[in-house]
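Everything numeric in this text was worked out from a predicted model, so none of it was measured. In this chain, residues are counted from 1 in sequence order.
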Amino acid sequence: LTAAPDLDMLKGQIAQIEKYADQRGERSPEITSQLGFPTDYFGMIMGMNSPRYRHVGELILLTQVLTAHVCMTAKTSLAVPRPDQVSAAMMPMLATPKHGSYPSAHAAEAFAVSEMLSHLLDVEQDQMPTDGSRDTENRRKLAAKMAERIAVNRTVAGVHYPVDSWAGAIIG
């Protein structure tokens, strides 16, 4: 992530964003609920109601905050224009943030949390009986799918290019 995508690449990705726009109606409530840190989405996957997981929510939040800091540093230095700044035809469904677009912090945070939870599930699996009662592998897959959906939701909303999410996923 030492160089920003060039303007030609960004213009090429506008067409990709337009293809996602038809999903806005279906995803609108989910997208607006993910404006901050979507911690609860991962909490549901982990089944964190148990006292055994009382600190996992804090670990998720810490992961998100640290990842956001890394991304904001990159966004500030790279200053990639948002899709609505590159094309007047873009009509984002959310207020466009004032900082740069690349990389997507939402994507980075979601993928970082998914990765962290995957490691926690590995530790838990090593410590618990192997009776399959925790459904560890499916929880791991669900966390990865959730990270991907959160990332794509930012493109559906029209505030990120797909390349922003790819870069965010790499950071995560």
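For Ala107 against Ala169, the heavy-atom pair with the smallest separation is CB-N, 4.3 Å. Lys75 and Gly100 get closest at one heavy-atom pair: NZ-O, 3.2 Å. Here the closest non-hydrogen pair linking Gly25 and Pro29 is O-CD, 4.2 Å.
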Begin from the C-alpha positions of Thr155 and Gln16 and carry the test side chain to side chain contact (heavy atoms under 4.5 Å, CB included) through to its verdict. CA-CA 9 Å; Thr155 301; Gln16 296 297 320; 5.9 Å; no
Go through the steps to decide whether Thr63 and Leu117 satisfy the test side chain to side chain contact (heavy atoms under 4.5 Å, CB included), and finish with yes or no. CA-CA 10 Å; Thr63 301; Leu117 291 176; over 6 Å; no
Go through it in stages, so that I can follow the logic: the residues are Tyr161 and Val86, the test is side chain to side chain contact (heavy atoms under 4.5 Å, CB included), and I'd like the CA-CA distance, side-chain angles, deciding distance and then a yes or no. CA-CA 11 Å; Tyr161 307 94; Val86 171; 3.0 Å; yes
Please step through side chain to side chain contact (heavy atoms under 4.5 Å, CB included) for the pair Ile150 and Phe42, ending with a clear verdict. CA-CA 11 Å; Ile150 290 167; Phe42 290 102; 3.8 Å; yes
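Between His99 and Thr76 the shortest side-chain heavy-atom distance does not fall below 4.5 Å. Within the 4.5 Å cutoff, no side-chain heavy atoms of Val163 are placed close to those of Val80. With a 4.5 Å cut-off on side-chain heavy atoms, Leu61 and Val65 count as touching. Side-chain contact check for Pro83 versus Ser101: some heavy-atom pair is nearer than 4.5 Å.
Environment of CD in Glu148: sparse, with no more than 12 heavy atoms of neighbouring residues, nucleotides or ligands closer than 6.0 Å. No more than 12 heavy atoms of other residues, nucleotides or ligands sit less than 6.0 Å from atom CE of Met91.
A donor-acceptor pair is defined here as one N or O able to donate and one able to accept, closer than 3.5 Å; no such pair exists between the side chain of Arg82 and the backbone of His160. A donor-acceptor pair is defined here as one N or O able to donate and one able to accept, closer than 3.5 Å; no such pair exists between the side chain of Gln34 and the backbone of Asn153. No donor-acceptor pair closer than 3.5 Å links the side chain of Ser87 to the backbone N or O of Asp84.
Here CD1 of Ile60 is found 10.5 Å from OG of Ser114. Values are rounded to the nearest 0.5 Å. The line from OG1 of Thr96 to CD of Gln85 is 7.5 Å long, rounded to the nearest 0.5 Å. Note: His119 NE2 to Arg140 CZ = 9.5 Å, rounded to the nearest 0.5 Å. We find the CG-CG distance between Asp164 and Leu10 to be 7.5 Å, quoted to the nearest 0.5 Å. Expressed to the nearest 0.5 Å, how far CE of Met9 lies from CG of Leu7 amounts to 12.0 Å.
Note on residues 15-30: pairs passing salt bridge (charged side-chain N to carboxylate O under 4.0 Å, His left out), not counting sequence neighbours, are Glu30-Arg149.
Here Ile31 sits in one hydrophobic cluster together with Tyr20, Leu35, Met93, Leu94, Val152, Val156, Val159; the rule is ILVMFWY side chains under 4.5 Å apart, joined directly or through other members.
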